[in-house]
Asker: 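Would you mind keeping the following structure in view while I ask a few things?
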Amino acid sequence: MYIRNNTIAVIFRVIFMIVCGAGLIMKLIYSGFSLNTVMGDFALIANLLALIYFAYLIIARPGYERGALRGAVTIYMVVVFIVYYFIHFGTGGSPVENLGLAGCLLYFAAPLMAFADYLLFCVKGCFTAYSPAIWVILPVIFNLAVFLINRLGLSLAAIPYFNLLGMNLIITLLVFLGISYLLFVVDNLMAGRRR
């Protein structure tokens, strides 16, 4: 499905920015703006990237979206939703009441809205076979930064994205790559391509 109405897209994206921005502000006020807070939760990076990207879409109103950047924003938000859904609703998950309003906005509402924006307002078929490999670059850099910070003696909390189910970094990045290629295939199918 692709809705060409730019006004509806802008209204939806403004609402997304309010939801995402409120979640980020509340999370940083509650947790404090520190290195441990920012580097301890990839969801903050993913939501900030989405916020910046959606602001760009509202202000610039490009006629054509770059597939790599759109895909990165979409897949990061999808992974945020999957990880936190598993953490809070999976077997032996954390109590949902621990989420708070900021968690609900950052981990569930904003990711669902970002994916809905992709489904409704994004032209399909813009991703290439190399796009998923590009999307994995930021998680790898983020991981290396956390690793280096910990090696320097600053202890950061374990990140659920990269030790989910006790899997090591390589396996979780391969899972991330698999989810990314699944999005690539689904995108091609929605675009009417058969590869």
Side-chain angles (χ1 to χ4, degrees), residues 1-6 8-9 12-13 15-16 19-20 41-54 56-58 60-91 93 106-144 159-195:
M1 173 186 282
Y2 174 52
I3 299 173
R4 295 176 184 273
N5 190 315
N6 198 33
I8 295 174
F12 185 86
R13 289 165 181 170
I15 294 170
F16 169 84
V19 168
C20 185
D41 192 355
F42 185 74
L44 294 176
I45 305 295
N47 275 274
L48 181 60
L49 180 64
L51 189 70
I52 292 167
Y53 184 70
F54 277 69
Y56 159 73
L57 291 179
I58 291 169
R61 297 192 189 185
Y64 173 77
E65 288 187 63
R66 300 280 179 210
L69 192 52
R70 163 55 91 164
V73 168
T74 303
I75 200 66
Y76 297 157
M77 296 300 269
V78 165
V79 170
V80 165
F81 178 85
I82 291 171
V83 168
Y84 280 93
Y85 183 87
F86 178 81
I87 288 172
H88 290 284
F89 298 103
T91 55
L106 290 176
Y107 307 145
F108 297 107
L112 287 173
M113 289 184 75
F115 189 67
D117 185 88
Y118 158 75
L119 289 176
L120 299 174
F121 306 114
C122 180
V123 177
K124 310 304 182 289
C126 295
F127 305 147
T128 68
Y130 302 107
S131 293
I134 295 169
W135 303 339
V136 84
I137 291 172
L138 182 61
V140 168
I141 291 171
F142 183 81
N143 238 295
L144 289 174
I159 305 165
Y161 299 86
F162 309 113
N163 64 0
L164 193 61
L165 294 174
M167 297 184 290
N168 67 27
L169 170 63
I170 302 300
I171 294 173
T172 50
L173 287 175
L174 287 174
V175 170
F176 180 90
L177 204 55
I179 294 170
S180 298
Y181 270 105
L182 181 62
L183 177 63
F184 166 72
V185 170
V186 169
D187 182 77
N188 277 332
L189 290 174
M190 287 192 290
R193 294 182 187 169
R194 300 288 185 271
R195 292 186 180 183

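Keep in mind the model is a prediction, meaning the values are calculated, not measured.
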Asker: Roughly how far, to the nearest 0.5 Å, is CD1 of I8 from CG of L120?
Answerer: 9.5 Å
Asker: So, taking the atom named OH in Y56 and the one named CG in L69, what distance separates them when rounded to the nearest 0.5 Å?
Answerer: 8.0 Å
Asker: Check for a donor-acceptor pair, side chain of K124 on one end and backbone N or O of L119 on the other, with a separation under 3.5 Å.
Answerer: yes
Asker: Output, in order, the C-alpha distance, side-chain angles, deciding distance and verdict of side chain to side chain contact (heavy atoms under 4.5 Å, CB included) for V123 and R4.
Answerer: CA-CA 9 Å; V123 177; R4 295 176 184 273; over 6 Å; no
Asker: For the atom pair CZ (F127) and CZ (F184), what is the distance rounded to the nearest 0.5 Å?
Answerer: 9.5 Å
Asker: My understanding is that only residues two or more places apart in sequence, or in another chain, count here; which of them pass side-chain hydrogen bond (donor to acceptor under 3.5 Å, both in side chains) with Y181?
Answerer: none
Asker: Report the C-alpha distance between F16 and V19 in whole Å, list the side-chain angles of each, state the deciding distance to 0.1 Å, and finish with yes or no for side chain to side chain contact (heavy atoms under 4.5 Å, CB included).
Answerer: CA-CA 5 Å; F16 169 84; V19 168; 5.7 Å; no
Asker: Under the side-chain hydrogen bond (donor to acceptor under 3.5 Å, both in side chains) rule, collect the residues that match up with R13, sequence neighbours excluded.
Answerer: D117
Asker: Counting the benzene-type ring for Trp, do F121 and F12 have ring centres under 6.0 Å apart?
Answerer: yes
Asker: Under 6.0 Å between ring centres: does that hold for F108 and F81?
Answerer: yes
Asker: What distance do C20 atom SG and L48 atom CG have between them, rounded to the nearest 0.5 Å?
Answerer: 8.0 Å
Asker: Roughly how far, to the nearest 0.5 Å, is CG of L174 from CD1 of I179?
Answerer: 11.5 Å
Asker: Within a strict 4.5 Å, meaning less than it, do heavy atoms of the F176 and Y76 side chains meet?
Answerer: yes
Asker: Are any side-chain N or O atoms of N47 and backbone N or O atoms of A43, one a donor and one an acceptor, separated by less than 3.5 Å?
Answerer: yes
Asker: Is a side-chain donor or acceptor of W135 paired with a backbone partner of A68 at a separation under 3.5 angstrom?
Answerer: yes
Asker: Give the C-alpha distance, both sets of side-chain angles, the deciding distance and a yes or no for side chain to side chain contact (heavy atoms under 4.5 Å, CB included) between L106 and V80.
Answerer: CA-CA 8 Å; L106 290 176; V80 165; over 6 Å; no
Asker: Taking all non-hydrogen atoms of both residues into account, name the closest pair between T128 and P132 and its distance.
Answerer: O-CD, 3.6 Å
Asker: OH of Y118 to CD1 of I75: how many Å apart, nearest 0.5 Å?
Answerer: 9.5 Å
Asker: With side chain to side chain contact (heavy atoms under 4.5 Å, CB included) as the criterion, how do Y107 and Y85 come out once you've worked through the C-alpha distance, each side chain's angles and the decisive distance to 0.1 Å?
Answerer: CA-CA 8 Å; Y107 307 145; Y85 183 87; over 6 Å; no
